Participant: 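Below you'll find the structure I mean.
Only this structure's heavy atoms are used, side chains among them; waters, hydrogens and symmetry mates stay out. Keep in mind that this is a model prediction, so the values were computed, not measured. Here is the naming used below: chain letters follow the sequence lines, and residue numbers restart at 1 for every chain.
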There are 2 protein chains.
Amino acid sequence: MVTLKDIAKHANVSICTVSKYLSSSMVVKKETERRIQQAIKELGYVPNVVAKALKRMETSNIAVILPKINNLYYSEITSGISQTLGKYHYNLYIYEVDNLQLSEEEILQLMRENMIAGIIFIGLFADQSFQESINNIPGWDIPIVYANRYTSNTNYPLVYPDLVQAGEIGTKHLLAKGKQRLAVVHKGLREEILNYFLEGCHKVCGEHLPIVMEMKDEMDLVNDFVPQLLEHQIEGVFTLNELSAVYLAKALQKTNIKIPEDMAVLSLGNSVMSEISTPELTCVDLQNRELGMKSAELILSQIRKEAYEDVTVLEPFIVERHST
Amino acid sequence: MVTLKDIAKHANVSICTVSKYLSSSMVVKKETERRIQQAIKELGYVPNVVAKALKRMETSNIAVILPKINNLYYSEITSGISQTLGKYHYNLYIYEVDNLQLSEEEILQLMRENMIAGIIFIGLFADQSFQESINNIPGWDIPIVYANRYTSNTNYPLVYPDLVQAGEIGTKHLLAKGKQRLAVVHKGLREEILNYFLEGCHKVCGEHLPIVMEMKDEMDLVNDFVPQLLEHQIEGVFTLNELSAVYLAKALQKTNIKIPEDMAVLSLGNSVMSEISTPELTCVDLQNRELGMKSAELILSQIRKEAYEDVTVLEPFIVERHST
DNA sequence: TTGTATGCGTTATCAC
DNA sequence: GTGATAACGCATACAA
């Protein structure tokens, strides 16, 4: 391995001179520069980031911790993070919690061992127990960003889409399409989150709120779920889970219910899945890539000790296709 | 930061004793052990992986380099890699080439700077120029695995699905379903790769090969592509790209062609996309997760200087749904 | 403008 | 069993 020492010797200067020159924290004579450059080229010098990190007690590694990467929802966000981090020459670690089977404590330990410069959690961990885990670590000083987590008892910045507005524009859209009797369908959504949507619905519908229905894994959509929809004479469904929206659309068509004439389907989330569904689903885009980019920026702000917003809210918008 | 030094002082032993005890490369007296353990607990010691890496000149970081992560094809493979690496306590870096806009040389430089322990390339880089880039680096010694790359001029192990067999079982399946006139549809596939499939088809069809059609981005499927299919009186289509298969199925239905009665559609690749398509697509599963796991194992074998297979071929299999 | 010397936290080579 | 001490490659305070 070629080190600064080798370069220094070859260029007949001291290590310090090379080091400072390379970090452009010093101006050197033209002749010195030439010799250093030549030595670097001839010997094939590659800086050692690990040594640098040890000395400076700081890496350029950001960890993204998420349930699984093979899910378009998470991978979109991750790609946004990657894009911004790459621009600033930070590296991106991925930790898939579903695969790793590590406890919260073990993950935090891992982050400290590796001198991670910042952590982005994507929609993970029960609020209290996790925050407690961090508080239990005296001298914890790694920047954190919570992407897609709705909580207030944390000292770290939050980034999430405006779910109230999502509920509002979704409902408004369905009403504008002439759909009166609406249902909000979700799948294991925490009540707290669900309430944000309903608050948005409320703004549009007043007291005439959509009915709320939960989709369960063991349900047969065609035989169990769709009949319930019909029973309530639902005309428009706002499905708060993209994949469920796609499956619902399939079930409706199997039951010979025309989309959007007999029933409109609006999905939350805009990945290829909505696009390839039949019919193509109208959806509320949650700006996942932007969410990722913003999360990365917030981590970098913390690292640089700059000011940052405690809460960043992204504006969702409607992408109209053929299901409403 | 609590270091070995602090622990040593607190436990009244030397740094060396603590270090060797922790790496279980030395047996210590019961009493010493107790004191060390107590010190670690009381002071809250966290080992510093960066310092360890510098000293040992070796990290536990594996880099995965791929075009983009927000693509189920790549993220499935990545998830497989993550699963295996996690088991052996290796960390996973992700580098998205499409986002980073780095040249081959810059990527290789990045890997060396960061003392990456091994690199997995997923379906990337023109064979020759890239291999040359590596050869141009004297003393390059980072293990590499090529996932989904078909080439012979490399010194590194290859992992890929058996495309000949994919062609064979796909064709066989379509024939078994009573489809005689077949088409193989691809989208910008390199001739070399395409030929593997055709070789598989040949095994089943003899000289009566399927016709090959290329799908282009600017094509209107309903007005341009489907009519071509009909013109050739095609009864079964083997689409070598999952997303294209889904779009083709949509186009066929718009043209009121019944799947699979009038035309069978077989897709290559088995992600959720085939599942949520209407109708659910029968497909040839390429075992992406296994591909990732195998890639990770091959990297680890190289790191451990164990023997490994130069070429690992995965066996694709049919997943039957409703499109054939 | 350049050089010397020290230390980041760890492991490894000795000696005791 | 245990302890000094020297590296690993780099950055930096301080000298010159």
Side-chain angles (χ1 to χ4, degrees), chain A residues 1-37 39-40 43-61 89 109-117 139 141, chain B residues 1-37 39-40 43-61 89 109-117 139 141:
Chain A
M1 182 178 217
V2 180
T3 70
L4 276 189
K5 203 170 167 181
D6 302 319
I7 301 301
K9 192 182 292 175
H10 194 273
N12 251 314
V13 290
S14 78
I15 298 182
C16 171
T17 306
V18 185
S19 170
K20 283 188 176 164
Y21 163 71
L22 284 181
S23 61
S24 46
S25 66
M26 193 177 80
V27 186
V28 300
K29 277 198 301 194
K30 262 271 182 298
E31 166 61 13
T32 312
E33 169 167 27
R34 195 192 57 73
R35 287 215 308 278
I36 293 179
Q37 284 295 2
I40 288 178
L43 302 184
Y45 171 68
V46 177
N48 185 322
V49 172
V50 174
K52 191 179 299 191
L54 176 60
K55 178 67 199 172
R56 310 185 39 169
M57 278 311 208
E58 172 183 349
T59 68
S60 301
N61 300 331
H89 305 290
Q109 166 96 1
L110 198 58
M111 299 297 107
R112 300 172 72 200
E113 288 184 356
N114 284 294
M115 289 181 60
I116 299 288
D141 63 344
Chain B
M1 181 176 218
V2 179
T3 71
L4 276 188
K5 203 170 168 181
D6 303 318
I7 301 300
K9 191 181 292 177
H10 194 273
N12 252 313
V13 290
S14 79
I15 299 182
C16 168
T17 305
V18 185
S19 169
K20 285 189 175 158
Y21 164 71
L22 285 180
S23 62
S24 48
S25 66
M26 190 178 80
V27 184
V28 300
K29 278 198 300 194
K30 262 273 181 297
E31 166 61 12
T32 312
E33 170 166 26
R34 196 192 57 71
R35 287 214 308 279
I36 294 179
Q37 284 296 1
I40 288 178
L43 302 184
Y45 170 67
V46 177
N48 186 323
V49 172
V50 174
K52 188 181 299 190
L54 175 61
K55 179 65 197 174
R56 309 185 39 170
M57 278 312 205
E58 174 184 348
T59 69
S60 300
N61 300 331
H89 305 290
Q109 165 95 2
L110 198 57
M111 300 296 107
R112 299 172 72 200
E113 288 184 357
N114 286 70
M115 291 182 57
I116 299 287
D141 62 346

Participant: Would you mind reading off the distance between N114(B) atom CG and dG9(D) atom P, rounded to a whole angstrom?
Facilitator: 16 Å

Participant: Taking C-beta and beyond as the side chain, do I7(B) and L43(B) meet within less than 4.5 Å on heavy atoms?
Facilitator: yes

Participant: Describe the nucleic acid contact of K5(B) in one word from base, sugar-phosphate, nothing, applying a heavy-atom distance below 4.0 Å.
Facilitator: nothing

Participant: On the nucleotide dT11(C), are OP1 or OP2 found under 4.0 Å from the side-chain N or O atoms that S19(B) carries?
Facilitator: yes

Participant: Measuring only between side-chain heavy atoms, which start at C-beta, is Y45(B) closer than 4.5 Å to L22(B)?
Facilitator: yes

Participant: Where the side chain of Y45(B) is concerned, which of dT10(C), dC8(D), dT2(C) is the nearest nucleotide?
Facilitator: dT10(C)

Participant: Regarding M1(A), tell me which of base, sugar-phosphate or nothing describes its non-hydrogen contacts under 4.0 Å with the strands shown.
Facilitator: sugar-phosphate

Participant: Which is true for V50(B) with a 4.0 Å heavy-atom rule: it touches a base, it touches only sugar-phosphate, or it touches nothing?
Facilitator: nothing

Participant: Send over the distance from L4(B) CG to dG3(D) P, rounded to a whole Å.
Facilitator: 13 Å

Participant: Rounded to whole Å, how long is the line connecting atom NZ of K20(A) with atom C1' of dA15(D)?
Facilitator: 11 Å

Participant: For the pair made of CD in E33(A) and C1' in dT2(C), what is the distance, rounded to whole Å?
Facilitator: 15 Å

Participant: Just verifying a value: how many Å separate I15(A) CD1 and D6(A) CG, rounded to the nearest 0.5 Å?
Facilitator: 9.0 Å

Participant: Report the distance from atom CZ of R56(A) to atom C1' of dT12(D), rounded to the nearest whole Å.
Facilitator: 11 Å

Participant: Looking at every heavy atom in both A8(B) and S14(B), which two are closest together, and how far apart are they?
Facilitator: CB-C, 3.7 Å

Participant: Tell me which nucleotide among dG9(C), dG9(D), dG1(D) gets nearest to the side chain of A51(A).
Facilitator: dG9(D)

Participant: Rounding to an integer number of Å, can you tell me how far D6(A) CG sits from dG9(D) C1'?
Facilitator: 10 Å

Participant: Can you check whether K52(B) has a side-chain N or O nearer than 4.0 Å to OP1 or OP2 of dT11(C)?
Facilitator: yes

Participant: Check whether any side-chain heavy atom of K9(A) sits under 4.5 Å from a side-chain heavy atom of K5(A), and report yes or no.
Facilitator: no

Participant: Which of the following nucleotides, dT2(D), dT1(C), dG9(D), is nearest to the side chain of T3(A)?
Facilitator: dG9(D)

Participant: For L54(A), answer base if it contacts any base atom (sugar-phosphate contacts may also be present), sugar-phosphate if it contacts only those atoms, and nothing otherwise; contact means non-hydrogen atoms under 4.0 Å.
Facilitator: base

Participant: Does T17(A) have a side-chain nitrogen or oxygen under 4.0 Å from the phosphate oxygens OP1 or OP2 of dT2(C)?
Facilitator: no

Participant: Can you find a donor-acceptor N/O pair under 3.5 angstrom joining the side chain of K55(B) to the base of dT10(C)?
Facilitator: no

Participant: Which residue, S23(B) or V13(A), contacts DNA chain C at a nucleotide closer to its 5' end, judged by nearest heavy atom?
Facilitator: V13(A)

Participant: How would you label the contact of S25(A) with the nucleic acid (heavy atoms, under 4.0 Å): base, sugar-phosphate, or nothing?
Facilitator: nothing

Participant: Taking atom P of dG7(C) as reference, at what distance in whole Å does atom CD1 of I15(B) sit?
Facilitator: 13 Å

Participant: Going by distance alone, is a donor N or O of one side chain under 3.5 Å from an acceptor N or O of the other, for E113(A) and Q109(A)?
Facilitator: yes

Participant: Just to be sure I understand the rule, does Y21(A) reach a base, reach only the sugar-phosphate, or reach nothing, if contact means heavy atoms closer than 4.0 Å?
Facilitator: nothing

Participant: Starting at CD1 of I7(A) and ending at C1' of dC10(D), how long is that distance when rounded to a whole Å?
Facilitator: 13 Å

